[in-house]
Amino acid sequence: MSEIPKAYEPHSVEEKWLRIWHEGGLFTADPKSPKPTYSIVIPPPNVTGALTMGHVLNNTIQDILARKARMEGREVLWLPGTDHAGIATQTVVERALKKSGDIRHRDDLGREKFLERVREWKEKHGGIIVQQLKKLGCSCDWSRERFTMDAAYSQCVQQAFVELYKKGLIYRGKRMVNWCPVSLTALSDEEVVMKEQKGTMFYFKVSVAEQPGVFLTIATTRPETIPGDTAIAVNPADPRHARFIGRHAIRPLPSELAREKKLIPIIGDEHVDFKFGTGVLKVTPAHDKADFEIGRRHALPLIEVIDPAGRMNPAAGADLKGLDRFKARQIAADKLRELGALEKEEPYTNNVGFSERADAPIEPRLSEQWFLKYPGVVKARDSIQHDEVSAPDAASAEKIRFHPQRWARVYDHWMANLEDWCISRQLWWGHRIPVWSPGPDTLSIAGSKGLDLEKFLGGLEERGCVYSRLPARDSGQSEGMAGEIRRFIAIPPGQEEIVQQLERLGFAQDPDVLDTWFSSWLWPFATMGWTGNPDADSGNETLQKFYPTTDLVTGPDIIFFWVARMIMAGYEFMGQLPFHNVYFTGIIRDKQGRKMSKSLGNSPDPLDLIAKYSADALRFGAMRSAPLGQDVLFDEQNVELGRNFCNKVWNACRFRQMQQGEVQGEIEPALLMADDKWVLLKLDRAIREINTAFCEYKFSDVTATLYRFFWSEFCDWYLETRKATLAQTGAGKSNILAVTDFVLSHVLRLLHPFLPFITEELWRGMGYAGDMPADQGGKTIMFAPWPKSLGDDFKSHYGLDESQERLIELRNAFIVQGRNLRRTANIPANKKVKFIFQPAQPIVPEDVEILKLLLGAGAIEIAPNFQPGKHILSIRHEFGALYLPVEGLVDIAAERGRLEKAREKIQAEIAKVSQKLADPHFTGKVPAAVLEEHETRLRQRRNELAATEAGVKALSD
RNA sequence: GGGCGCUUGGCGCAGCGGUUAGCGCGACUCGUUUACACCGAGUAGGUCGCAGGUUCGAAUCCUGCAGCGCCCA
């Protein structure tokens, strides 16, 4: 590196290394490698998504972990891929097609044509995010990139479904589900987000049929569902209302209906909260989850009044029929008012469930769906390590650690309250449920072929299919179907001819697709080519070598959606936990603490930031602001800082280059100076801090330590003091360069996981790659050995011990005070002045040079017996005394005032400490070390006091 | 309603029983000196949310309260 530019120019450098890394296949994992394993699977981003700051944070952390593991000599697999994101993608495509006027509804195209359009969309927008991740420097094994709808992956999904079906864990049932009237699909509980809504509480009265003139008042936010009410419920323990239990009420709506058709029972149910509203509850079993349960307990009939699209159906009565549910709410209230049944309305705020994707209020609705009873629950529940980090043993190796630990409790709580997972979605984009059932003509077709259907279907079980017969009523068919049998046959992957046979018999595949997360929860092993076939899987080198994975990095917002389910799937399908550690990142927020979102427009485009500051800078900026387990307040300034840091690294290396000379390998112990030893000890401390912080997943601590060591300790102190001695030639100089090279080569390696590009560039440019074996840093810093703290042998060989460290610290503190003296005297930074120095201990000539340079002194006069006269500023310090004659340069009175203020502070401290030391309670109970420390402190303060008083005196007339 | 977390200089955070409470950014002053103005040097700025308690000693532990945020009902 002969001619290097003054400022770091990242863009060509980043492009160059991306090309070299990818062309060299350096991220490719080798399952045959004898090295110990490190593996991590990417949380798959939506295939058509674009990179967000959340992705930047998340993937930078994964890249740091992966790169560090490589340097530690492990065989690393970071497995990337994307998710088909069922609802999200389908919604986006549908919206785009509507906007362009191509369709009014997806039915206009039909399933196949619509899916074609989604695939087109995926081809066009898919892979963008992958390119962006590459640009960020992510060292994923791109040769193994997966997509949840790839053929192989889809087979995994199908296999998993059939296995669970076979075990009886998947069933079809008519249940209350969260229905999205916009997407027209069922949703899982996790896909519903509660939002606070301002609405109205309506109070209306119903008359008690058996007691004319007696009324009960009901409070509700949903008067439009009154036509669906099939009971009035009160708490049997409620003295106001208990006596009405067993009587009947007359439901006011639909108004045109005859009185006897609107008689509904008044029932007692302990679940009625009599503090809420009036204590009288209207029960709408068809449109409310809690009411459905009440209805079930009391065998109430169900009346559906809202259709799948959220409009009122004919059962809602003539006034409401055909209206949207929100419009109907107003009309129903008007109607009640007209009838004289509406007593009052009050503004009311409550929580309403919204569909996460379509952002529409969900409608609880009775619907026939596929449900899963979670497998592997017991193991998954016990799999989390709850103790604080201790030494790993055999038992804890079988457990999963959460970082930060507190998420374990959130996980526990969810696992303790598991409800069956509604896995079917009325969508087209996704894995179609691999279950076929007979059509209306199946029996006659079979008959005409002389085929015994039962025997034929039963026979398919030998080929891995799962055949089940269910009484229609159990699966929620209407009463008239009772006694009929429904047949389902689940077909494992790779049985095309069975499917064809069945379809010739009039069988049809279930039209629904699986919840996206039903494919995501298989991610850790499905991406590695799991088949469910024991022979194939035990011969699968990748699966054998890299499963279970080491770490998972994800956001806490998907702890239920994804993390918990992967743990269950891991135990169920692999018999093992899927990962050993889960690191939960914070949620990225803007400076005002708002969650970053597209709609708020407060999310910067990471690609713009890369263009403006470089990928390294973006990574560094993201990491600097991400403390463990806390939300991240993103500020572009941190990225700017990252750029500045890169520039600093660049220039420190440039400085080294300008000293000429080849890379200096050997440090000669005899030639080491105190500052050299000091910086080596600081490096050692930094390495230890960094490795500790990594163990605890405290990435921002790692960044802070790197920043401090490199910038303050190495650049500001070490390199600056070296400038005073580098003028010399020969062995002394080359030894300094050897130390500098030693430190820089360590710093570059420590920084590499954070700043992969610039460190790679400098690693080769500086020539540090030259004396390394080809596979250990000789070709790329990616495989250079990760720094270990300096061993005791090293330290004793080079004579590094704490006492030298302390001496340099003392001198440096003295220099800071000396500089302060200059500023006090208002001496411009560039003006050379003469200091008088009275050393407190023997001083080497080198130190005088350092003092001179770092104090910006024209000269330093060593005067062991100096007697200060008037108008001389001074500091007295353990390192020595420094005098600066200032007559005429400074406001003597102001300076004296400053010293007097300092004196007061010291006196107060002395008073405090001596009071403590005089207290027998204190001296009697306190540990010896603390006592000693107090005594030392008192001594020091007294010395300081004397010095300060002398200073005051020197300025007094 | 239940749970979790947070509250420390203008801003963002560290410290979680024992020095004069640290760090970074920002502010202010000075400065082109063997790399770097994407830089260097220095300075100012905090009764650690409030109220009690435990202790020789509390930002740190306990209790209560308040405010903010998130999650689950």
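Heavy atoms only: backbone and side chains are in, while hydrogens, waters and symmetry mates are out. As the structure is a computational prediction, the values presented were derived from the model and not from experiment.
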Practice prompt. Report the residue (A:R722 or A:C646) whose heavy-atom-nearest nucleotide on RNA chain B is the more 5′ of the two.
Written response: A:R722
Fill in: 5'-most by nearest nucleotide on RNA chain B - A:D919 or A:A704
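That would be A:A704.
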Rounded interatomic separation in angstrom, taking [atom1] from [X] and [atom2] from [N]:
X: A:N638; N: B:C11; atom1: CG; atom2: C1'; answer: 11 Å
X: A:E932; N: B:U19; atom1: CD; atom2: C1'; answer: 14 Å
X: A:N943; N: B:U19; atom1: CG; atom2: P; answer: 20 Å
X: A:E636; N: B:C38; atom1: CD; atom2: C1'; answer: 14 Å
X: A:K912; N: B:G57; atom1: NZ; atom2: P; answer: 13 Å
X: A:M623; N: B:C13; atom1: CE; atom2: P; answer: 15 Å
X: A:L719; N: B:U33; atom1: CG; atom2: P; answer: 19 Å
X: A:D557; N: B:C70; atom1: CG; atom2: C1'; answer: 11 Å

When the [atom1] atoms of [M] and [N] are compared, how many Å lie between them, rounded to an integer?
N: B:A27; M: B:G22; atom1: P; value: 23 Å
N: B:U32; M: B:G26; atom1: C1'; value: 24 Å
N: B:C70; M: B:C13; atom1: P; value: 15 Å
N: B:G15; M: B:C61; atom1: P; value: 11 Å
N: B:C71; M: B:A59; atom1: C1'; value: 28 Å
N: B:U43; M: B:G24; atom1: P; value: 13 Å
N: B:G46; M: B:G52; atom1: C1'; value: 23 Å
N: B:G2; M: B:C16; atom1: P; value: 32 Å

For a quick check of understanding: with a heavy-atom distance under 4.0 Å over all strands, which category does [X] fall into, base, sugar-phosphate or nothing?
X: A:P927; value: base
X: A:L641; value: sugar-phosphate
X: A:N351; value: base

Do the side chains of [X] and [Y] get close enough for a salt bridge, i.e. N-O under 4.0 angstrom?
X: A:E293; Y: A:R175; answer: no
X: A:R806; Y: A:E809; answer: no
X: A:R685; Y: A:E805; answer: yes

Pairwise N/O distances under 3.5 Å, protein to nucleotides 2-4 of chain B:
| unit_1 | atom_1 | unit_2 | atom_2 | d |
| --- | --- | --- | --- | --- |
| B:C4 | OP1 | A:R409 | NH1 | 3.2 |

In terms of side-chain heavy atoms of [X], which of [options] is nearest?
X: A:R654; options: B:U19, B:U34, B:C36; value: B:C36
X: A:R819; options: B:G42, B:C36, B:C39; value: B:G42
X: A:E909; options: B:G40, B:G24, B:U19; value: B:U19
X: A:N651; options: B:C36, B:G24, B:A41; value: B:C36
X: A:C715; options: B:A35, B:C71, B:U19; value: B:A35
X: A:M658; options: B:A35, B:G40, B:G18; value: B:A35

Tell me whether the OP1 or OP2 atom of [N] has a side-chain N or O from [X] closer than 4.0 Å.
X: A:W711; N: B:C36; answer: no
X: A:R823; N: B:U43; answer: no
X: A:N820; N: B:U43; answer: yes
X: A:N644; N: B:C39; answer: yes

Worksheet item: Looking at residues at least two apart in the chain, or sitting in another chain, which of them share a side chain to side chain donor-acceptor pair (under 3.5 Å) with A:K912?
Response: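 For A:K912, no residue satisfies side chain to side chain donor-acceptor pair (under 3.5 Å) once neighbours in sequence are set aside.
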Worksheet item: Heavy-atom count around A:H413 NE2 within 6.0 Å, excluding the residue itself: above 12?
Response: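 No, because the 6.0 Å sphere around NE2 of A:H413 holds 12 heavy atoms or fewer from other groups.
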Is a donor-acceptor contact shorter than 3.5 angstrom present between the side chain of [X] and the base of [N]?
X: A:E720; N: B:A35; result: yes
X: A:K6; N: B:A37; result: no
X: A:K648; N: B:C36; result: yes

Fill in: Shortest non-hydrogen contact between A:T759 and A:L755, atoms and distance
OG1-O, 2.6 Å
Worksheet entry | Shortest non-hydrogen contact between A:A724 and A:L853, atoms and distance | N-CD2, 3.7 Å
Worksheet item: Got a sec, which residues hit side-chain contact (heavy atoms from CB on, under 4.5 Å) with A:E949, two or more places apart in sequence or on another chain?
Response: A:R903, A:Q907, A:L945
Worksheet item: Roughly how far, to the nearest 0.5 Å, is the CD1 atom of A:I910 from the CG atom of A:L917?
Response: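 Nearest 0.5 Å value for the CG-CD1 distance: 12.0 Å.
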Worksheet item: Hey, what do you get for CZ (A:F757) to NE2 (A:H11), rounding to the nearest 0.5 Å?
Response: 10.5 Å
Fill in: Each stem that RNA chain B is part of, given as range with range (3 or more consecutive Watson-Crick or G-U pairs, under 3.5 Å)
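Runs of three or more consecutive pairs: B:1-7 with B:66-72, B:10-13 with B:22-25, B:27-31 with B:39-43, B:49-53 with B:61-65.
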Discussion item. Side chains of A:N651 and A:Y8 only: does a donor on one sit below 3.5 Å from an acceptor on the other?
Written reply: no
Worksheet item: Does the side chain of A:L882 come within less than 4.5 Å of A:Q817's, by heavy atoms?
Response: no
Worksheet item: A:F699 and A:F754: aromatic ring centres closer than 6.0 Å?
Response: no
Item to complete: Could you tell me how the ring of A:Y411 sits relative to the ring of A:F402: parallel (under 30°), tilted (30 to 60°) or perpendicular (over 60°)?
Response: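 Perpendicular, since the angle between the ring planes exceeds 60°.
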Name the pairs: protein N/O against N/O of nucleotides 60-62 of chain B, kept only if under 3.5 Å.
none

Discussion item. Show me the pairs that pass ring-ring contact (aromatic ring centres under 6.0 Å, His included) and involve residues 922-946 of chain A, at least two apart or across chains.
Written reply: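 Pairs touching residues 922-946 of chain A that pass the test: A:F922-A:H934.
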